[in-house]
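Predicted, not measured: the structure shown is a model, and the values here were computed from it. First the proteins, then the strands, lettered A, B, ... as listed; each starts at 1.
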2 protein chains.
Amino acid sequence: MCEVDALGDTVDSVRRRNLSTVLELVHRGGDPSRADLTARTGLNRSTIGALVAELVELGLVVETDPSATNRVGRPSRRVLADPRPAVIAVNPEIDAVTVGVVGLGADVTHRIRHELDHVASPEEAARIVGDLVDRLRAGPAADRRILGVGLAVPGLVRAADGVVRWAPHLGWRDSPFARLVENIVGLPTVADNDATLGALAERLFGVGRGVDHLVYLNGGASGIGGGVVIDGRPYRGAWGYAGEFGHNRPRLDDPAHRATVGGTLEEEVSRARLLELLGRRTLDEPEFQAAVLASDDPALHAELARQQIVLGGALGNAINVLGPELVVLGGFLATLHAWDAEALDAAVAARTLPIAWEGTRIQAAGLARDRLLIGAAELAFGPVLRDPASVAGR
Amino acid sequence: MCEVDALGDTVDSVRRRNLSTVLELVHRGGDPSRADLTARTGLNRSTIGALVAELVELGLVVETDPSATNRVGRPSRRVLADPRPAVIAVNPEIDAVTVGVVGLGADVTHRIRHELDHVASPEEAARIVGDLVDRLRAGPAADRRILGVGLAVPGLVRAADGVVRWAPHLGWRDSPFARLVENIVGLPTVADNDATLGALAERLFGVGRGVDHLVYLNGGASGIGGGVVIDGRPYRGAWGYAGEFGHNRPRLDDPAHRATVGGTLEEEVSRARLLELLGRRTLDEPEFQAAVLASDDPALHAELARQQIVLGGALGNAINVLGPELVVLGGFLATLHAWDAEALDAAVAARTLPIAWEGTRIQAAGLARDRLLIGAAELAFGPVLRDPASVAGR
DNA sequence: GTTATTTGTTGCGCTTGACCCCATTTCTGC
DNA sequence: GCAGAAATGGGGTCAAGCGCAACAAATAAC
C-alpha cells in the first residue's frame, strides 16, 4: 500500500506552513514589521516571535531595529530577507546564455550575459552555465549561500522532471537539460517554460502584484510565449505545457486580416513583420518601441492595427475561457499596447463576451529584462519557500 | 488593519481540515474502511478513529460492521455516508424547472421535473422551486436533514454572491436568483454556472474521476456551455465567468467551413443545424444520438464533418492553453464524438501543438441527466465538506 | 515626569497526532 | 481442530504547536 499522497494534516505541517507563510511574506516584499506579520497571518504575537526566531536561526531572514515611525506605542522590529541566501537563475536563448545571482525578495545582484555566435546545444549550454556559475561563485557571489538553480527555457518543459520536450528556436528536443546542469553545477536544479516564469515574476513583483488570476503574453523575436497564473500560482496544466497561446488560431473576422496560411497567433502577430516595415534588421526592445511610436508610416500603422485586431481575437478567446483579472503584455506586444491602448482594448472588447470583459484590464509588463531571471529564481527558491526548515545545514 | 485573510494556520485548522478530508473521502465513494482511510490520509489509526467518531456524532457518516472480506487480519469497519443529510439541487431551464434531493455520495433520491409552457422569470422560477421543495419536504424527503440549496443556472453567475448576470436563454439579467430562492426556501443557497457544475460532477463521479485537469463542453439545445476543472476544483476565474468556450471564435482554415457571420463556436457548431438536416423539430438526447448514428444522409454527414473540424479548432485552442488531461463532451457534442471519434481526434490533433495533444484524451460524458443535479448538490454540500463541524445543531 | 498605547517575552494550558502496548479477529499451517 | 501469525482497533502517554494572559519594554502625547 503506497501512500501516494498524505492527504492528512499533522501538527508538524502547521509549523511548516506557518514558517513558509512568514518567509513568503518577507520574500514578497514590503519590509514587514513583526506587527505587520501578526496582522497579516492572524497568528499570535508569540507565535510570530518564535517563527521569526527560527527563520533567523536558519539564516533566511534578519531583524533590524525599527525605523522611525510617528505612531504611538512600542515600535515593531522590521523583518528583512537575509542577503546571503541566493539562487542561480538561468535563461538560455538563441543568441546568449544569461546567468544571474538572485537573492530573496527578487534581488538580482549579479548578471552575466554570455553572447553566442551560434545556437548552443543543450550540452554546450549546460557547460557554459557551469563556467559562468564557477566564475560567479569564485568572485562576486563568493559569500552567498547558493541554494539551487532555476532554468527559464524558451520551450515546452515537462513539469514532472524538467525535461525540455521541445524548444523550437533552440532546436532542442527531449533534452534532460535540468539534469545536465545539475550534474555540472552540483546544485538542485529545476526548469520551466520562460513565459510561465515571466507570468509568475509579474504576478509577484511586477504589475500583477496581488492579482490572483492573470494571463501573460510575451512577444519575443521568434514567437509569442504565454503564461497563466491561477490562484496566485503558475498554472502548468496536466504535464506542464499549458499557456501556449502563441500556437492558437484565432478567428479572423475579415479575410483581409489574414496574413499567413497557418494562422497561428505568433504567425499573424509578429515582430519580424513590423521590423520589416521599419526597415530594420534587429532592434532591442526599448529601441523597437521608440521606433514604432515615432513612425508615421501608414503601412506600419495599418499593420499595427491589423495585429491589434488579431491579438484582440486571441485575447478575447483567452478571457472568455480563463476570466482573468489582468492581461499582461510583454516584449513587442507591450509596444502594440503602447501604440494605441484604447484601440487594443476596443479590439478585445469586440471579441469578448461583454460580462467576461467587464472587469478585465490589459497592461504592459512592469518588470524589465530581469523578469525571466526573477521567475527562474522564484522557481529555484520554491522548495525553500515551501519548507524553510529544509535549508538547515545547507 | 483588517485581516482580509488569516494566512496563518492553527491547530484548530488541522482538525477542521482532517475532518474535511475524511468526509470527502467517504463522500467521493468507494465505501472506505477505517483502514482505507488511514492509508489514504497517512494519519494515525487513533486519529482516524477520533475523526470518524466525530463525524458519526455530527450525523454525517455511519459505521457498519465489516463486510465479509477474505483477507487476513481483523476486519476493518466500513465508513459510509449517513443517508439522512441531503441538499436540494435545482436546475431552471427554458422548458422546465428540475428539483432534486441529493444525499452524500451523489445519491439522487428524488427528482421532480416541473414542465413549463413559457420561460419563467427569476421570481416565478423561485416560487416554483419553493413549491417543489415544500412538496418534497412534506412527503418523500420528510426524514432528511436538508442542509442547503444548490442552483445550476444556464448563464453567467457572479461567484461572489450568486447573482445571475446574464442567462441568455432564460432572458435573465442581473437577477439575485440565489437570494430569491434563499428567501423563499429558508436554507443557505448558492448558485453557479450549469456547465461548471457539470464539469465538477464529471470530475467527481463521472468519466473524470481522479483527473485533476479537465475541460468540459456541453452541447445543449440553445448553445454550448463550458466548464473547467483545475487541480480537481472547479475553475471560475476572477469573477465566476470562466469557461465560456461557446462564445470563442475558432479559426476556420477553409472558408467553406464557415457557416455564420458571428463565427462563435456555438453558432458554427449547433444542434439546431443537425436537427434541421434530420428533418426534426425536437428530440431528446438519446433519440438525437440514435437518429444521427442511424442516418446515412450525405448532407448530414458533411455537416457533422464540418462541425467536427470547427470543434477541433476550438478544442485545439483550449488544449494549447489549458493542457488538460481529459476533454469531456456532453449533450450533442457527445454525439459528434460518438459519430466518429477517430475523425474528431484527428481534427483536434491537426490544430493542437503536438506535444500538448500527446497525452490528452477526449471522452463522452459519463453521467446521465442527473449530472447537473449532482454538480449543484456538490456546490451546496461545499460548506459542509469544507468544515463538517459547521453542521452541528442543524 | 506621567500616562496611554503598542509591541515583545515568558510561562501555562489546551489540543492534536505519534508512538507503544495490548486486545480482538481472521486466516494459515499443522 | 487448534495454535500461532497477521492485521487491525483502542487506550494511555508523550512531544509539539499555538493561543492566552501577565508582565516588561519602548515610544508618543500631555
Phosphate contact (C:dT15 OP1 or OP2) by B:Arg16 side-chain N/O below 4.0 Å: no

Applied to residues 72-81 of chain A, the side-chain hydrogen bond (donor to acceptor under 3.5 Å, both in side chains) test, sequence neighbours excluded, yields A:Ser67-A:Arg78

Could you state the CG-P distance from A:Leu37 to C:dG8, rounded to the nearest angstrom? 9 Å

Considering only NZ, NE, NH1 and NH2 on the basic side and carboxylate oxygens on the acidic side, decide whether B:Asp82 and B:Arg84 come within less than 4.0 Å. yes

The answer to which of B:Arg45 and A:Asp12 contacts DNA chain D further toward the 5' end, by nearest nucleotide, is B:Arg45

5'-most contact on DNA chain D: B:Ser33 or A:Ala50, nearest heavy atom basis? B:Ser33

Between C:dA18 (C1') and B:Leu51 (CG): distance, integer Å: 14 Å

Measure CG/B:Leu43 against P/D:dT8 and give the value in whole Å, please. 16 Å

When only distance counts, do a donor and an acceptor, one from the side chain of A:Arg15 and one from the base of D:dG17, lie under 3.5 Å apart? no

Distance-only donor-acceptor test, A:Arg74 side-chain atoms vs C:dT6 base atoms, 3.5 Å: no

Under 4.0 Å between a side-chain N or O of A:Thr47 and OP1 or OP2 of D:dG19? yes

DNA chain C: 5'-proximal contact among B:Val14 and A:Ser46 (nearest heavy atom): A:Ser46

Starting from C1' on C:dG17, measure out to CG on B:Asn44 and report it in whole angstrom. 7 Å

Heavy-atom pair with the smallest gap, counting every atom of B:Thr41 and B:Leu37: OG1-O, 2.7 Å

Do A:Arg15 and B:Asp9 sit within salt-bridge range, that is, some charged N less than 4.0 Å from a carboxylate O? no

Please determine whether a side-chain nitrogen or oxygen atom of B:Asn18 lies at a distance below 4.0 Å from atom OP1 or OP2 of C:dT16. no

Tell me: CG of B:Leu19 to P of C:dT16, nearest whole Å? 10 Å

Over how many whole Å does the gap from B:Asp9 atom CG to D:dG17 atom P extend? 13 Å

